[in-house]
Amino acid sequence: MIPFLGLKQVNSVYREEMIAAATRVIDSGWYIQGEEVKEFERNFADYCGARHCIGVANGLDALILVFRAWKELGKLKDGDEIIVPANTYIASILAITENRLKPVLVEPDPLTFNICPDNIRSAITDKTKAILAVHLYGQLADMPAIMSIATDHNLLVLEDSAQAHGAEVEGKKAGNWGHASGFSFYPGKNLGALGDAGAVTTNDDELAITVRALANYGSHKKYENLYQGVNSRLDEMQAALLRVKLKYLNIEMQRRREIAIAYANGINNSAICLPIDVDLTVENLSHHVFHLFVVRTKNRLALQQHLLESGIQTVIHYPIPPHKQQAYRSLANLDLPITTDIHNEVLSLPISPVMSAEDVLMVIKCVNNFKC
Ligand SMILES: *Cc1c(COP(=O)(O)O)cnc(C)c1O
């Protein structure tokens, strides 16, 4: 059996160090808002190259709290339009509607799966106030172009970096391109906790203070509440475990890139469309951390079944686009053919830092002998 990710195997590599970290927290007697969180926030801000990192309870809250903070700071108001890729994970859209803002869904570039800058330009109206740029599947969105559009039109940019820890273009990482960024440390993400966890990064001092207060009951100062906030804190235990895993993130990222390159060079089947060009090397893949390796095919259920018969587990990210979800019935009539095709054709192959070279060859062989 070749699992899609194999979290138990991924985490068992760090078992001893994680037990030591967990023991430190248990023995400290201090479980919320202590040194572990402070230290992780410092380390992760440094890793991203951002001035601030605020630990929060999960990735969805990270995105929700940034929009909420911009509302409290008078930069956004109810009904403002937020441009977002139509093919994103539902959390991106939820963060917008939760704040009574209006999601404006735009089509991605079919080659990168990321939001298309030209489509952003055509979607801008008088009511547009922000762009939610998602780095889908681990590939940095076209941030130089997006930031230039934002400057031209005076828009805020929030990065959804939940899938892209460490992805980098022009020497600048996810989490340091936009005015703020939301990260998830859900166990299956490239930097995964052993439970829910998330963070906001930003270079904006005022925004950092506001997000931190909102995530802690709206309080800057104990028992004084400036906002009607929420409780969305990163806890000491998850922070301690994340400190261990952050040390190895680059090594895991490198391994993911090696697997992606092996797939790109080894898979040769006219029924299958690859997400990257061949002839790539680990060095020129800095923009992609391969959270997922997503291929396209007209008959993905047959491919999925074919691989499963050889013990290879795959996942569909995602089977139903946000505008076709029951939760967003009001968006159901949007005409988004690229997004619809993507959702009908994508299949994610196993990619995991603990995958062996034999496993990778096995996947390549089975994909190559698929006939549709
Ligand atoms: C996982 C994910 C989120 C949400 O993160 P959680 O920690 O699960 O709340 C948001 N956006 C994207 C693109 C994601 O993949």
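Each ligand, and each atom within it, is numbered from 1 in the order the structure gives. Values below: all heavy atoms of this structure, side chains included; hydrogens, waters and symmetry mates excluded.
- Inclusion of S184 in the set of residues having an N or O under 3.5 Å from an N or O of ligand 1 is warranted.
- Under the side-chain contact (heavy atoms from CB on, under 4.5 Å) criterion, A20 pairs with no residue at all, not counting sequence neighbours.
- Counting heavy atoms from C-beta outward, V367 and L349 have side chains that approach closer than 4.5 Å.
- Nearest protein neighbour of atom 11 (N) of ligand 1, counting heavy atoms only, is D160 OD2, 2.7 Å.
- Ranking protein heavy atoms by distance to atom 9 (O) of ligand 1, first place goes to L60 N, 2.9 Å.
- Residue-ligand proximity, Q163 to ligand 1, at heavy-atom distances under 4.0 Å covers atoms 13 (C), 14 (C), 15 (O).
- For atom 10 (C) of ligand 1, the closest heavy atom belonging to the protein is A91 CB, 3.4 Å.
- For the pair K245 and Y14, the cation does not sit on the ring face, since its NZ or CZ is not both under 6.0 Å from the ring centre and inside 45° of the axis.
- Between K127 and D80 no salt bridge is recorded (no basic side-chain N to carboxylate O distance below 4.0 Å).
- When side chains are defined from C-beta on, I267 counts as touching N368, because their heavy atoms get closer than 4.5 Å.
- In terms of protein heavy-atom proximity, atom 2 (C) of ligand 1 is closest to K189 NZ, 2.5 Å.
- Here is the list of ligand 1 atoms found below 4.0 Å of a heavy atom in G59: 5 (O), 6 (P), 7 (O), 9 (O).
- The contact set between ligand 1 and A162, taken as ligand atoms under 4.0 Å from a residue heavy atom, comprises 2 (C), 3 (C), 10 (C), 11 (N), 12 (C), 14 (C), 15 (O).
- Note on ring orientation: taking the six-membered ring where Trp is involved, the planes of H306 and F370 are tilted (angle from 30° to 60°).
- Within the structure, ligand 1 lacks H291 among the residues with a heavy atom less than 4.0 angstrom away.
- Among N87, N119, T339, the one residue that satisfies the side chain to side chain donor-acceptor pair (under 3.5 Å) test with E107 is T339.
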